[in-house]
Number of protein chains: 2
Amino acid sequence: MTYRLPSLNALRAFEAAARNLSFKTAASELGVTPGAVSQQVKKLEASLGVALFSRLPHGLLLTVEGETYLPKISKIFEDLTDATEAIAPEINGKKFKLGICPKAMAILPPNWPNQLGKLKAHVRDAIQTTDVELLRNNEIDCLIRLGGGPYGELSLVTVERGEDTNEASVPLHFICKPGLADCRQSRAILEDLAANAAPCS
Amino acid sequence: MTYRLPSLNALRAFEAAARNLSFKTAASELGVTPGAVSQQVKKLEASLGVALFSRLPHGLLLTVEGETYLPKISKIFEDLTDATEAIAPEINGKKFKLGICPKAMAILPPNWPNQLGKLKAHVRDAIQTTDVELLRNNEIDCLIRLGGGPYGELSLVTVERGEDTNEASVPLHFICKPGLADCRQSRAILEDLAANAAPCS
DNA sequence: TTTGGAGGGATAGATTTCCTGAGTCTCCGT
DNA sequence: ACGGAGACTCAGGAAATCTATCCCTCCAAA
């Protein structure tokens, strides 16, 4: 019962590219460069011995094989996500407790994150703190701060908030345990932060 | 429509290890060292935040989460294999040319593999040879030998054929290019060999 | 016809991930 | 006590992957 399988990275690249019919869009969805997507798709096609895309002079088109493959691969990714969330509720289903430092609060909307919106599905509540130890204790799941650090083995993501024209401006940081950096909740929070934080001063 | 996915390598390591309840067996199935399997499984557990195995003093046991995860992951690999075979006939549908050494013929049924049966779907024909070079030239797809080796970067699978009570008995080997070791054809041939080869003398 | 933007393809080099190989440990059977 | 089996760790090297460029084609606007 062994399996002969293409690489997962290559499949992800294919799936995103096929869904968007664009390497560029797929790349930004996956957080890599278009060249990487192009390479992965090419590798997949080589390993299968079948072309999945027709490269037209202007844009992409799925071949018959690609058209057949796409829905199956999408479904497999969904199944995998479901299976994974089923056993890792700690990570995938849990609502986050946030820690926010006072200075960060100042550049966020008045009662963020307690607004109606997508964030409600991912955030339980928020407390005001600057204490990184609370992260290590699991008393909070992530910490939102202005500047600070370093944070050792903790993951740190800098929130995008427009053109930084002021050299002295302090970056807005999202800090969490490494295992949580890429999870659904963190992504939602980061997205919301990017949309709602005041631009760099 | 993005997905949060564990690494495929880690999932394969988990699936093989869970199915065999042994890192060592899983490692030989995957063609890597036990250390690699151990590391991949550990990585997967870390990324999920859940233990999948109980490491007992003597041997492995699946945790509840592992027990839940295993059948779903196995099914996903099957689905992926099916989806891939459906669009890549060049690789997956081809019938193999076998090379068989005379000594190996002696322990196989008189006109193996030219019998009616499942093998017909996977085998084009067979020639008598011991020449490994034919494998490298792609003139044959796999070679069945008694003993011999080493074969460098070629994949070697030892055929199971009952209790080996005789220390001097020579193992029956299936040799092919690494990329073909896990394909449907190889699996069918190995299964048939295991069923039809004379037991160890 | 020229020009500029968008998007895909290729390549080299850097980075990350992965695997190996050796050594260690515990448990078990003799 | 001893040796074998199997899992773990860690350092180092191999392999896969990504980035950063540069090139090319096509299209649309001037």
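Chain identifiers are assigned alphabetically (A, B, ...) following the order of the sequence lines, protein sequences preceding nucleic acid strands; residue numbering begins at 1 within each chain.
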At a cut-off of 3.5 Å, list every protein nitrogen or oxygen paired with a nitrogen or oxygen from nucleotides 19-22 of chain C, distance to 0.1 Å.
unit_1 : atom_1 : unit_2  : atom_2 : d
C/dC19 : OP2    : B/Gln40 : NE2    : 2.7
C/dT20 : OP2    : B/Thr33 : N      : 2.6
C/dT20 : OP2    : B/Thr33 : OG1    : 2.8
C/dT20 : O4     : B/Gln39 : NE2    : 3.3

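- Atom pair B/Arg55:CZ and C/dT24:P shows a separation of 22 Å (rounding to whole Å applied).
- When rounded to the nearest whole Å, the span between CZ of B/Phe53 and C1' of D/dC8 equals 15 Å.
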Take A/Cys142 and A/Ile175 through the test side chain to side chain contact (heavy atoms under 4.5 Å, CB included) and record every step on the way to the result. CA-CA 6 Å; A/Cys142 64; A/Ile175 303 108; over 6 Å; no
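- Rounded to an integer number of Å, the gap from CG of B/Leu21 to C1' of D/dA7 is 14 Å.
- Look at CG on B/Leu30: it is 14 Å from P on C/dC18, rounded to the nearest Å.
- B/Thr130 contributes atom OG1, which lies 13.5 Å from atom CD1 of B/Ile144 (distance to the nearest 0.5 angstrom).
- B/Lys72 NZ: more than 12 foreign heavy atoms inside a 6.0 Å radius.
- Straight-line distance from the CZ atom of A/Phe23 to the C1' atom of D/dT19: 17 Å, rounded to whole Å.
- OP1 or OP2 of C/dA10 has at least one side-chain nitrogen or oxygen of A/Lys42 nearer than 4.0 Å.
- Closest to the side chain of A/Lys43, from the set C/dG8, D/dT17, D/dA7, is D/dT17.
- Pairing each heavy atom of B/Thr63 with each of B/Phe53, the nearest pair is CG2-C, 3.7 Å.
- Taking the six-membered ring for Trp and thresholds of 30 and 60 degrees, A/Phe14 and A/Tyr69 have ring planes inclined between 30 and 60 degrees apart.
- Annotation: the span from A/Leu60 atom CG to A/Ser22 atom OG amounts to 7.0 Å, rounded to 0.5 Å.
- Taking atom CZ on A/Arg12 and atom P on D/dC18, their separation rounds to 11 Å, with Å as the unit.
- Taking side-chain N and O atoms only, B/Ser38 has a distance below 4.0 Å to OP1 or OP2 of D/dC8.
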Do B/Leu80 and A/Leu11 pass the side chain to side chain contact (heavy atoms under 4.5 Å, CB included) test, and can you show the C-alpha distance, the side-chain angles, and the key distance before you say yes or no? CA-CA 10 Å; B/Leu80 180 51; A/Leu11 285 172; 3.7 Å; yes
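- What separates CG of B/Leu8 from P of D/dA16 is a distance of 14 Å, to the nearest Å.
- Here D/dG6 presents its C1' atom at 7 Å from NZ of B/Lys24, a figure rounded to the nearest Å.
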